[in-house]
Each structure stands twice: as C-alpha cells, then as structure tokens.
Amino acid sequence: MRRRLIVLGLTAAAVAPGRAAADLCSTGRRQSPIDIGTTRRLALPPLRPAMHPTAVRVDNDGHTVRLRFARGQVLALGRERLDLQQFHFHIPGGDRLHGEEFPLALHALHKSSAGGLVAVVVLFRIGAEHAGLATLLPQLPARGSAPRPAVDIDPLAWLPAGAGYYVYDGSLTAPPCTEGVRWLVLKQQPTLSARQWAQLQTLFPHNARTVQPLNGRTVSESP
Ligand SMILES: [Zn+2]
C-alpha cells in the first residue's frame with residue numbers, strides 16, 4: 001500500500017505542474033479578486049511611496065489601458081522594497097468591501113525585493129474629479145491605436161501616502177491565474193467624476209473578474 005502511494009505521488013508530481021497552471025483559474029483555492037469582510041487587525045508597516053513624475057509607455061490592448069514604468073519608482077513597505085512595474089485599470093473594481101462593488105480600480109503591480117509580485121489596489125468612488133486622471137485621460141490611446149511611448153504621469157497622484165490597507169494572498173486575475181500574489185487593497189478611496197468614468201469606458205470594456213471564494217484565507221488589516 002505504501003509503495004503504491006509513493007508511486008501515485010510521483011506520478012501526480014510529474015504530471016501536475018503543467019495541468020495545475022492551466023487549470024488554476026477554475027481549480028485554484030487562493031484566487032483574486034475577493035469580497036473583503038471580516039479582517040484581522042495587525043501592526044503592519046505603512047506604505048511609503050518614493051516616487052516622482054516620469055514618462056511611461058501606455059498601451060490599450062482592448063481589454064485595459066496599461067502604463068509601464070521604468071525602474072526607479074519605489075514603494076517602501078517596512079524594510080521591503082517594492083519596484084513599481086505597471087498601472088492598469090478595471091471597471092468595475094473587482095475586489096469588494098463588505099459586498100460593496102466600486103466603479104473603478106487601479107492595479108499597481110510591483111516586484112518585491114524578496115522576489116514576489118505585489119498588487120496594490122486603489123478603489124474609486126464617483127464624486128469629485130480625479131486630478132491625476134484629468135491629466136492622463138487626454139493622453140490615453142484609443143482601443144486598437146498605437147501605443148504612446150512617453151506619457152507624463154506623477155505616480156504620487158495615484159497612490160495616497162500613508163494609506164492603511166487590507167492584505168491577502170491571491171492570484172493574477174487573468175489566465176494563467178498564477179497564485180502567490182500578495183494583494184494590498186488601500187482603505188482610502190479617491191474619487192473620479194461620472195464624466196471621467198464615462199470617458200474611461202469608451203477606452204475599454206467592463207473587464208473585472210467576479211469575486212472568488214475565500215477558501216479559509218484570512219484578510220489582515222493595517223492600522
Ligand atoms: Zn488587474
């Protein structure tokens with residue numbers, strides 16, 4: 001019996017990696033986005049952005065608008081250094097708070113000095129105009145048009161300094177839905193105007209993945 005289990009184990013290990021990767025979107029147990037409800041309060045370090053205005057490459061692939069940053073935009077999280085790689089947008093917001101859905105999310109993807117992928121999520125409400133978006137909107141390429149190689153942006157206009165956050169273990173929200181991504185959802189929600197939201201929707205369609213089961217995961221909350 002023991003020998004048989006070992007053989008099965010070896011077989012599974014030999015076959016599993018490729019299949020598991022392909023199937024994670026449907027079989028993964030630590031998927032994103034989620035609905036954040038009950039949380040555990042922890043003394044987590046504050047987010048300290050050390051970023052500056054820069055030019056980014058922007059493309060519109062028909063699913064979202066993506067801004068790619070050159071190295072040098074850093075988000076400090078305690079002793080950890082997170083290097084900003086890209087911004088992209090989701091309508092509606094994806095991650096929810098106590099069931100509430102938000103009209104827009106900014107996903108700021110970072111590579112951690114420890115090697116992992118860290119996604120910082122800014123959820124928006126409809127209200128006053130967003131200054132960063134007011135600058136950015138006229139520069140965003142339409143669906144199917146050529147990428148813009150040098151669009152000016154100030155990342156600090158998008159990532160509020162000192163904001164508290166929720167954190168959970170999740171995944172990429174599009175295939176291959178790779179797990180092991182750390183998600184930090186900011187507790188502070190900036191606003192954009194209804195007009196700005198309508199303009200964004202002319203650039204890309206609704207593209208948020210539905211919320212995924214928690215499967216026993218704990219969401220932690222910073223002060
Ligand atoms: Zn995203």
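Both counts, for ligands and for their atoms, begin at 1 and track the order of listing. For reference, positions follow the sequence shown, starting with 1.
In plain terms, the two heavy atoms of G93 and H107 that are nearest each other are O-NE2, 4.5 Å.
In this structure, K187 places its NZ atom where more than 12 heavy-atom neighbours from other residues, nucleotides or ligands lie under 6.0 Å away.
Salt bridge annotation for R66-D61: present, with a cationic side-chain nitrogen under 4.0 angstrom from a carboxylate oxygen.
Aromatic rings of W158 and F69 (six-membered ring for Trp) have centroids beyond the 6.0 Å cut-off, not under it. For H130 and F124, the distance between ring centers is under 6.0 angstrom.
Counting only protein atoms, the N, O or S atoms lying less than 2.8 Å from the Zn ion (ligand 1) are H88 NE2, H90 NE2, H107 ND1, ordered by chain and residue number.
No option in L106, L109, V65, N207 other than L109 meets the side chain to side chain contact (heavy atoms under 4.5 Å, CB included) test with H88.
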